[in-house]
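Because the structure is predicted, anything quoted here is derived from the model rather than measured. In the text below, chain A, chain B and the rest are named by the order of the sequence lines, each starting its count at 1.
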Amino acid sequence: MKPEDFEIMDDVDYDIAWCPGCGNFRIRKVLMQALAELDLKPQEVVMTSGIGQAAKMPQYLRVNFFNGLHGRSLPLALAIKAANPELTVIAESGDGCMYGEGGNHFVHTMLRNPNITVFAHNNMVYGLTKGQASPTSREDFETPVQTADRGGVTNTPFNPMALAISMGATFVARAFIGDEDKSKDLMKKAISHRGFALLDIFQPCVTYNKLNTFGWFKKNTYYLDESHDPSDKIAAFGKSLETEKLPLGVFYSDPGQPTFEEESTVYRDDKRPLFQRDVDFDRLGNLLQSKI
Amino acid sequence: MKPEDFEIMDDVDYDIAWCPGCGNFRIRKVLMQALAELDLKPQEVVMTSGIGQAAKMPQYLRVNFFNGLHGRSLPLALAIKAANPELTVIAESGDGCMYGEGGNHFVHTMLRNPNITVFAHNNMVYGLTKGQASPTSREDFETPVQTADRGGVTNTPFNPMALAISMGATFVARAFIGDEDKSKDLMKKAISHRGFALLDIFQPCVTYNKLNTFGWFKKNTYYLDESHDPSDKIAAFGKSLETEKLPLGVFYSDPGQPTFEEESTVYRDDKRPLFQRDVDFDRLGNLLQSKI
Amino acid sequence: MDEVSIVLAGAAGQGIETVADFMATVLKNAGYHVFATREFMSRIRGGTNSLQLRVSTETRAAYRRRTDIMIPLSETAIPHLEKHSRLSDDTLVIGEDELVGARAKKNPERTAVIRFTEIAKEVGGKIYSNTVAAGAILALFDVEDETVSEYLTGRFGSKGEKVVEQNKEAYHRGVEEGKRIRSDFFALDMKPDSKITGEMLISGTDSVAMGAIAGGCNFIASYPMSPSTGVLVFLSQQATEFGIVVDQAEDEISAMNKGLGAWYAGARAMVTTSGGGFALMSEGLSLAGITETPMVIHLAQRPGPATGLPTRTEQGDLLHVIRTAHGDFPRIVLTPGTLEDGFLLTQKAFNLADKYQVPVFVLTDQYFVDSSSNTPVFDLGGIEVERYIVRTETEYQRYRLTDSGISPRGIPGHGEGLVCVDSDEHDEDGHITEDLHVRVDMVQKRVMKKMRAIREDFIMPELVGPEDYSTLVVTWGSNYHVVREVLEKIDDSGISMLHFKQTYPLSEAVLEYLERADCVVSIENNATGQFTKILQDELGFTISSDDMLLKYNGLPFAVEEIEEFLSNYGR
Amino acid sequence: MDEVSIVLAGAAGQGIETVADFMATVLKNAGYHVFATREFMSRIRGGTNSLQLRVSTETRAAYRRRTDIMIPLSETAIPHLEKHSRLSDDTLVIGEDELVGARAKKNPERTAVIRFTEIAKEVGGKIYSNTVAAGAILALFDVEDETVSEYLTGRFGSKGEKVVEQNKEAYHRGVEEGKRIRSDFFALDMKPDSKITGEMLISGTDSVAMGAIAGGCNFIASYPMSPSTGVLVFLSQQATEFGIVVDQAEDEISAMNKGLGAWYAGARAMVTTSGGGFALMSEGLSLAGITETPMVIHLAQRPGPATGLPTRTEQGDLLHVIRTAHGDFPRIVLTPGTLEDGFLLTQKAFNLADKYQVPVFVLTDQYFVDSSSNTPVFDLGGIEVERYIVRTETEYQRYRLTDSGISPRGIPGHGEGLVCVDSDEHDEDGHITEDLHVRVDMVQKRVMKKMRAIREDFIMPELVGPEDYSTLVVTWGSNYHVVREVLEKIDDSGISMLHFKQTYPLSEAVLEYLERADCVVSIENNATGQFTKILQDELGFTISSDDMLLKYNGLPFAVEEIEEFLSNYGR
Ligand SMILES: Cc1ncc(C[n+]2csc(CCOP(=O)(O)OP(=O)(O)O)c2C)c(N)n1
Ligand SMILES: Cc1ncc(C[n+]2csc(CCOP(=O)(O)OP(=O)(O)O)c2C)c(N)n1
Ligand code: SF4
Ligand code: SF4
Ligand SMILES: [Mg+2]
Ligand SMILES: [Mg+2]
């Protein structure tokens, strides 16, 4: 497959609704490359998303998608995978959507380990609703709601890496889209991972986040190197707490865990997706008889 | 104060709806002692809870309470404390209520660090709805929904200690109500803590959990000793991952963080609770004038 | 006498269910109509619960206030029934000395002391006292020993020979006591009907769950909530047998969105919940509306608001399901009144959801799901799983504008096309649009056209009673049997019942029934007459509040209440 | 000419708002009525948005389709307006050569090329082009230099003397161009009215937020959602000044429950949200219902279902707010039509919530909150914060049964009593109960008695037009001004408007108005006529669908649409 196979913008009569210079454009480009290099067919890929600027991503790709409600991309993704394990399912949304409104699904989907991939665009702000704090906003960040006279953001920033590690996610990684090659690499790893994969992607919002800019991310991140063992959960946790400079790369990975679909008896002897199956009326007849 | 000052059951015409032998009775007893020893007046204490067997606790105590919706004890608690910081606010509910339905509030309330206390009865089962798995149920636990033929529970158990530590909770501890003295001690510590305090309480459900019994908890727990430094977050996280034997005691404590109420400008110069204040119509007049 | 109403009352955990199951099964197998209905407190042990078992020679599948025989199992049992006027001087009360002794003194004619526990101990242990009690009651009917033996072997076989034998012994000791009662107090002369022997004995829950399986349900995501959990449990237990993906979701929001994801990917999904859980699904319902994703929602009502009375019954969520959620979009509400309705309507719900790509509700209540009775084995002959999925072509458009308003529904991975589904307003491709002309087309397709088609497919209400009625009683959902029973008794009254199995949307065809009556009255188990509001909304037909019988104390209607109310009507 | 409609159109981020603010403020300060309404896409940069500024000598606070002057700022601007029939040959289009050149050839009489950017560059930079444009337009009116100077100094003062001076210069250069237009194309003769100079220029958002402050709001928990976020932002910015606790909640469920917790503890709380966010609050609404906790909900509607058209307008959530949530309980829905309504009704919402201990909705929409105009400074004279909190005694009972249905509300920490509040059915103490007689008492108190009292306190609709109408136009919410404007123009038509500021519950007193008319018609910005359903439900009054004007493309009604519709009615 070629990246162009995932290009839809030539065929539709709308343009991309992101601001010029937004990190989302790069994520789109890199994702198209990653999908192509993994040799996935658009028809096999389903993307789910919520609402927000990041959540518009599936609209700009030639794939199947269910662009649902704010915060609800993960229940959709889990169910789609469970109804048809042959599909490659990617949930993609913003930090507000995935970690704020969707926080409970985020936590509990990890505990189920479905074989799906999560791309969370972390711009540390609510873009689409015009610049309020998101759960990942840094302390003291000032917005129209978290006003300067009240000290800006006072909540402790939500730490998706630490949370994912503590909730048994089997692949936990972070990218910065300023580095396209490494980001592509991480996307491919995440999609290829068997089980729940989280890739948190630092994505500068050029309009509403004047604090965490391309330059800021560049300056305040570094890559984990070989000295970090991604099978060591406690070490991964330690890395997730670093704030001086934020680590990038694979924090934690444990590909050996059974997935949600595998643990359902539905696919034990019969691999067909649900839509190909019929009701067994003989068995139903027996069930009715058993109630006599 | 005496524990009897918190006794309501002599004055009401209903009895306690728990099963004979349930761990909840002991929690009630110990909590009354703890409140008395902290010398709190019933009128100063507000308890919030959700729905479930654990969530009935406030009904059986002489305190103010708001027994709200399943999963929603924490938003109530945070708001009550913010509206009147003079009150002692305790949110108490079951593992399903606090960590399942209420998971998103659990996560995000910790990030705000309100000065409230959370008691989560962890019986590893849904009691009131008759024995389905709760988020903390152990793997392979069999229930009417997580049926034996499908291998019982397949989700990874929700780890409240690990989650709380990763989300910046400032006091994270666990008790087993089989040990009343130590439990009382931990309750008192939790209530006295300035900031968000989580006490997860192992509470055997004698009706629906035949796996995690009094005996099981006794056998499978141990107390953290002095060798554990509760100010060391990474060490605390390590402890939270232990499963061979589950640690009891204070995993993590950081009393130095500002609370939600303190960070609100509302109480900066004026300590009065909101209900004692009036609208400043002069200022409102000025605001209107500014729109000319 | 052609029926007898037996009430067991005691604390949760005392085994009421076990005795009742024993008696009901054996009596049904012996050829009697049986109906069991429960009222219980929101607790696991203790409190005071009761179970009414009606045994009859005609279908009597409704709660009645009159109690012919009562067996108290705790001290609070008698006061509990008295409080709700369910005990009279005529009621025969049978029980241990400690519990009925006082009454025996006041009313020796209608009180029988039986030392169940003592007898049980003689047989082998206290544990058999319930079997003794069952024997005493069963002795009043024509029950063959073999029927009982079979039941006890089936039920206790796995616990070993000895337990079976001791149960049999306990039963026989009970029968002896029963014979005494039969001669001293109570001569029943009810002829069993062998046809009934071959019928099923199932609950409302069973009927809905089996209807779901018959509808092709292969995905259920739900969060436990009384009284709807039974359906989740039933399907979990049949999951391996019928290939059903089960997920106990973290919350109801998740359950609903999972259901939608599953339908999108080709499954036939349902959620089961109650009013409070469903309240959390409103936004997801709206998502089903704009994405035109099918969905089946089983909602078992209980009294609200909020937690309300979690184990009681009410029909208080009708307006909620019809009107909740933002924006205009169609939905269908089905309201079973009988076990057969429960099965057939739930089955049909899946077909309707798939056909019109809309959410379909199966709206029951605690009384319906927690009551059980005999019913003929459902006929699978006419049942079909209607599927409307298409294989997509390259040019596939999920929201193609069609005359019918229905766009052929593709699913991902089945064909060459892409299936794009969007919670924003979208164009035919399923992509987000801000073209306000397209918006208008989509609203007309989604709302007006589909609504018209759905109305044409309306499930007509069932008319019970003569065609030439003067008074018409409007009912819906679980009030079917209670009204039917009263109408059967007061024949030639000029009163008939119109029972709505589909309460939304309505068809104008219904007006013909309503307008033909001199007087239309309605009976609803809620405080404000919710369905009469819908009648007014949808058809402009008004029922005055004087002609409504409303009940909202958490209990179902009793036969007596309907009798009294209807005695004011008819010729 | 007594009014002129000016439209600016271009991409998000091009500064339309800045020019409009400049023009509107200056014109208002000069003594003209101004009204600004926006329509925009759901994006941060790009796309095509437009802003209509109506300047007039009478109140003209409604969207109209006709455009007298248009300033395109992007290539898509002209086609965008054309698509919605907002450009005619009469429209004077003013702009840069690249954008209006083509039209200038076809229609030189009504096209004026002005090289805003070039002029701006001469003055000091491209950035001043919007000021030049504003100058060109303002030249058409009687605006004193001083008024402009003041504005520019106030606005740009913080950026330094030079910026102010260059802006002034740019303005004057624009004025010169404008004078040319004035002589060549357009002679306006509109007399300013000095009274208006002293009025406020505010938006619907401002009116609601200031009403909240006047109502004593000191707690807001909300989750951002267009078009309701403005109220959260406004109160955040006044939080320190007025002592308001602000929490941007993790989700809407949390926001609602926080609001309830805050009221419980003595605060006066509100949430602000839109339909989808409110859908998540249904369960919490039901909690307010059973616990009788006051609550104020500002819901700014946008077109659904689900995400729908997030930045557009609709009145599609009325049935949703009235009927959602399980169980029966009262609620009140207020629907402001004017800025004064926005202020006074929101203020009153807090008093009503506190008085009846019920949830009160302030139901607006995107058109209402995002439009702004001049309005007299609100009179604080009659405004009172009515508080109903009692200091508790030892024997305090939160749910004491009273004749009025209202139980005095205590709060924790204020008095000797305990305040026990329960989502289950409860006794007078607030403790859980399963006594079904108590249940009935509580329903009668909570639902019937309070509902009766609330109805008696009904806010009567406003009759606009003569008392002796033959046709009555029923409206609610944001359609006030558009209908009023048309009625003012076609006087002696026999048509009046009845504008509902409270849409639920209704009072029978309204019937008198309705029945007096020969013909009653309704105008609603939704697909199905939701308020007419409520009229039918509540009062049994039917409006035929032929007499409804419904619109659901995401835009508000234009004056012209109302004119056309009403031309079929009246004498
Ligand atoms: C239930 C609900 N609440 C609120 C919104 C409004 N909303 C849309 S996007 C958004 C936040 C977007 O932030 P984020 O998820 O970080 O995405 P970004 O725009 O920054 O990419 C919000 C609050 C909504 N659509 N639905
Ligand atoms: C929205 C909603 N969903 C579901 C329920 C039903 N429900 C009541 S309690 C409960 C679970 C109780 O489990 P837990 O919180 O662990 O408390 P326990 O009874 O074990 O103490 C559930 C699912 C409810 N009341 N509300
Ligand atoms: S608002 Fe921010 S995140 Fe959204 S498109 Fe613009 S730059 Fe990107
Ligand atoms: S069900 Fe379990 S948790 Fe609930 S009261 Fe009984 S023993 Fe306790
Ligand atoms: Mg973001
Ligand atoms: Mg539990």
Item to check | Asn122(A) and Asp200(A) side chains, donor-acceptor separation under 3.5 Å | outcome: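 The answer is yes; a qualifying pair exists.
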Portion of [X] that has a non-hydrogen atom of chain B nearer than 4.5 angstrom:
X	answer
Pro157(A)	backbone
Tyr99(A)	backbone
Leu241(A)	side chain

Item to check | Carboxylate-amine/guanidinium proximity below 4.0 Å for Arg72(A) and Glu101(A) | outcome: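 Salt bridge: yes.
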Item to check | Evaluation steps, salt bridge (Lys or Arg N to Asp or Glu O under 4.0 Å), between Glu261(A) and Arg194(A) | outcome: CA-CA 11 Å; Glu261(A) 308 82 68; Arg194(A) 214 179 109 272; over 6 Å; no
Item to check | Option in Gln257(B), Lys233(B), Arg112(B) with maximal non-hydrogen atom pairs under 4.5 Å from chain A | outcome: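 Result: the option with the highest number of such pairs is Arg112(B).
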Item to check | Largest heavy-atom contact set with chain A, pairs under 4.5 Å, which of Thr265(B), Val107(B), Thr154(B) | outcome: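 Maximum pair count with chain A is reached by Thr154(B).
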Item to check | Residue, of Asp149(A), Asn159(A), Leu163(A), that accumulates the most heavy atom pairs under 4.5 Å with chain B | outcome: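 Greatest number of close heavy-atom pairs with chain B: Leu163(A).
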Item to check | Closest non-hydrogen atom pair between Met167(B) and Leu111(B), with its separation | outcome: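 Minimum heavy-atom separation between Met167(B) and Leu111(B): O-CD2, 3.3 Å.
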Next on the checklist: Within this structure, what is the CD-CG distance for the pair Glu242(B) and Asn220(B), rounded to the nearest 0.5 Å?
Outcome noted: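 One finds 12.5 Å between CD of Glu242(B) and CG of Asn220(B).
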